[in-house]
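Have a look at the structure below, then the notes.
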Amino acid sequence: KFGRSTDNGNHWNKEPGVVTKNWIQTVLIFADRIFVGSQGDGILQSIDDGAHWTPVTSVPDTSVYALASVGSRLLAATGHGIIMSEDSGLHWSWSLRGTGFVHSFLRDGAVLFAGEESNLYKSTDGGLSWDTVASQPYFFQGRSHYAVLNFARSGRTLFAGDDNCDVISSTDNGNHWAAMTESLQYGSVVGLAIGNGNLILASSHTGIWQRSLSELITSVPLASGDSPAPHTLFLSAQPNPARDELLVRYTAGANAEIVLFNVLGEQVMRLNSNNSNEQLLDLRTLRTGMYLLTLREGLQSATRTVMIAR
């Protein structure tokens with residue numbers, strides 16, 4: 001089914017017509033048509049504002065996960081690569097073939113990015129050709145993650161969310177990517193957005209999270225070839241889940257601080273490192289639930305997900 005809102009998303013009505021019996025993955029309005037990509041029925045289109053839908057029979061793949069437009073060209077991310085159309089969706093051909101599942105697109109001016117299971121791709125000619133900009137792009141806490149499901153952009157910083165609730169970022173037009181924080185541990189990043197000065201993340205398992213862009217952007221790791229930080233921050237928290245107390249161990253300088261945020265992004269606790277390598281946090285006044293524990297020193301930061309359970 002398909003939903004429609006005419007009041008900026010405050011109220012929604014189901015469209016009466018059946019679009020597809022399979023999952024709708026993506027929606028794109030292009031010229032006077034609405035296109036949807038489905039998992040199983042390829043691409044469907046409507047020329048009467050969603051009242052009636054017809055399949056686009058020339059699509060060479062039945063699973064379409066993202067749609068994008070560059071000028072008069074349409075692009076679709078599929079289970080086997082990227083396809084494109086030069087005639088408003090009437091005919092489709094392969095732009096990039098033989099890959100794994102391509103999940104997402106991001107357009108950044110004249111540059112287009114595509115997130116796939118094990119690679120990040122970049123196109124500077126509107127999707128006619130693609131180059132690999134990162135293969136197995138980021139490794140964090142001994143884990144490697146691949147499938148980029150969503151993108152977002154704030155200024156010169158690009159963000160990407162993956163299949164393990166990690167967020168990676170790039171500050172050099174997508175040429176280098178690095179993990180920003182520890183994974184939220186559960187599920188996948190099913191949505192990324194920028195709003196009210198925050199990066200907003202929707203997880204498939206743990207709800208919606210937000211974090212200040214000013215904090216995230218100042219903690220973006222340096223691209224390859226830049227001067228490295230003088231040392232790497234280490235942060236651990238035990239036990240996890242915790243009840244009344246949390247032992248935090250870390251390696252950092254004298255000017256580091258430890259901050260605890262709730263799921264709304266509100267600071268609920270803040271401590272200075274005081275030349276120590278561990279501190280015991282009193283959690284008795286905090287509600288049960290999920291929190292983000294962050295160690296910050298200068299432009300560096302390390303984050304751990306902490307659960308309080310009683």
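The figures that follow rest on heavy atoms only: side chains count, while hydrogens, waters and symmetry mates do not.
Val59 is not connected to Ile29 by any chain of hydrophobic side-chain contacts under 4.5 Å among Ile, Leu, Val, Met, Phe, Trp and Tyr, and they are in different clusters. Side-chain heavy atoms closer than 4.5 Å link hydrophobic residues (I, L, V, M, F, W, Y) into clusters, and following such links, even through other members, never connects Val56 to Trp53. In this structure, Ile83 is not a member of the same hydrophobic cluster as Phe101, with clusters built from ILVMFWY side-chain heavy atoms closer than 4.5 Å. Hydrophobic clustering keeps Phe30 apart from Val36 (ILVMFWY residues linked when any side-chain heavy atoms are closer than 4.5 Å, directly or through intermediates). The cluster map of Ile, Leu, Val, Met, Phe, Trp and Tyr, joined by side-chain heavy atoms under 4.5 Å apart, puts Tyr291 and Ile208 in different clusters.
Side-chain atoms of Ile200 and Ile194, non-hydrogen and from C-beta on, never get closer than 4.5 Å to each other. Side-chain contact between Leu112 and Leu75 is present, with at least one heavy-atom pair separated by less than 4.5 Å. The shortest side-chain heavy-atom distance between Met290 and Trp209 falls under the 4.5 Å cut-off. Leu96 places a side-chain heavy atom less than 4.5 Å from the side chain of Tyr121. Between Trp94 and Pro60 the shortest side-chain heavy-atom distance falls below 4.5 Å. Two residues are said to be in side-chain contact when any heavy atoms from C-beta on lie closer than 4.5 Å; Glu266 and Phe261 fail this criterion. Within the 4.5 Å cutoff, the side chain of Trp92 has heavy atoms near those of the Ile43 side chain. At least one side-chain heavy atom of Ile258 sits under 4.5 Å from a side-chain heavy atom of Gln279.
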Notebook entry, point to check: Between Ser85 and Asp87, is a side chain to side chain donor-acceptor pair (under 3.5 Å) present by the stated rule, with each step listed?
Noted result: CA-CA 6 Å; Ser85 173; Asp87 55 7; 2.9 Å; yes
Next item on the list: Go through the steps for Leu260 and Leu286 under the test side chain to side chain contact (heavy atoms under 4.5 Å, CB included), then give the verdict.
Entry: CA-CA 11 Å; Leu260 190 64; Leu286 299 180; 3.6 Å; yes
Note to self: Run the side chain to side chain contact (heavy atoms under 4.5 Å, CB included) test on Leu292 and Val306 for me, step by step, so that the C-alpha distance in whole Å, both residues' side-chain angles and the decisive distance to 0.1 Å come before the verdict.
What the structure shows: CA-CA 6 Å; Leu292 289 180; Val306 174; over 6 Å; no
Margin query: Working note: Ser95 + Trp130, criterion side chain to side chain donor-acceptor pair (under 3.5 Å); need CA distance, chi angles, decisive distance, verdict.
Written below: CA-CA 8 Å; Ser95 171; Trp130 297 85; 2.9 Å; yes
Checklist line | side chain to side chain contact (heavy atoms under 4.5 Å, CB included) assessment of Leu106 paired with Lys122 | finding: CA-CA 9 Å; Leu106 171 68; Lys122 180 179 180 179; over 6 Å; no
Notebook entry, point to check: Does the side chain to side chain contact (heavy atoms under 4.5 Å, CB included) test come out yes or no for Phe151 and Leu158, once each step is laid out?
Noted result: CA-CA 7 Å; Phe151 289 101; Leu158 306 178; 5.9 Å; no
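Listed for the Asn240 side chain is a donor-acceptor partner under 3.5 Å among the backbone atoms of Met307. Side-chain atoms of Asn196 never come within 3.5 Å of backbone atoms of Asn198 as a donor-acceptor pair (strictly under, hydrogens ignored). A donor-acceptor pair under 3.5 Å is formed between the side chain of Ser123 and the backbone N or O of Ser129. Between the side chain of Glu116 and the backbone N or O of Gly100, at least one donor-acceptor pair lies under 3.5 Å. Of the possible donor and acceptor atoms, one in the side chain of Thr78 sits under 3.5 Å from a partner among the backbone N and O of Gly81. With hydrogens and angles ignored, the 3.5 Å screen pairs no side-chain donor or acceptor of Thr288 with any backbone N or O of Arg310.
Nearest heavy atoms, Val64 versus Thr26: O-CG2, 4.3 Å. Nearest heavy-atom pair across Ser88 and Leu74 is C-CD1, 3.8 Å. Here the shortest heavy-atom pairing between Gly127 and Met84 reads O-SD, 4.2 Å. Between Leu246 and Ala242, the shortest heavy-atom contact is CD1-CB, 3.9 Å. The two residues Ala66 and His103 make their nearest non-hydrogen contact at CB-O, 3.6 Å. Closest of all the heavy-atom pairs between Arg73 and Asp125 is NH1-O, 3.6 Å.
Atom CG of residue Asp244 and atom CG of residue Leu280 lie 10.5 Å apart, to the nearest 0.5 angstrom. Taking CD from Glu278 and CZ from Arg249, the interatomic distance works out to 5.0 Å, rounded to the nearest 0.5 Å. Atom CG in Leu293 sits 9.5 Å away from atom OG in Ser236 (nearest 0.5 Å). Between His52 atom NE2 and Thr54 atom OG1 the span is 11.0 Å, to the nearest 0.5 Å. Summarising the geometry, atom CG belonging to Asp32 is positioned 10.0 Å from atom OG belonging to Ser46; distances are rounded to the nearest 0.5 Å. Note: Tyr250 OH to Leu295 CG = 8.0 Å, rounded to the nearest 0.5 Å.
For Leu271, the CG atom is densely surrounded, since the number of other residues' heavy atoms within 6.0 Å is greater than 12. Counting non-hydrogen atoms of other residues, nucleotides and ligands closer than 6.0 Å to CG of Asp282 gives a total above 12.
For Phe113 and Phe105, the ring centers are positioned 6.0 Å apart or more.
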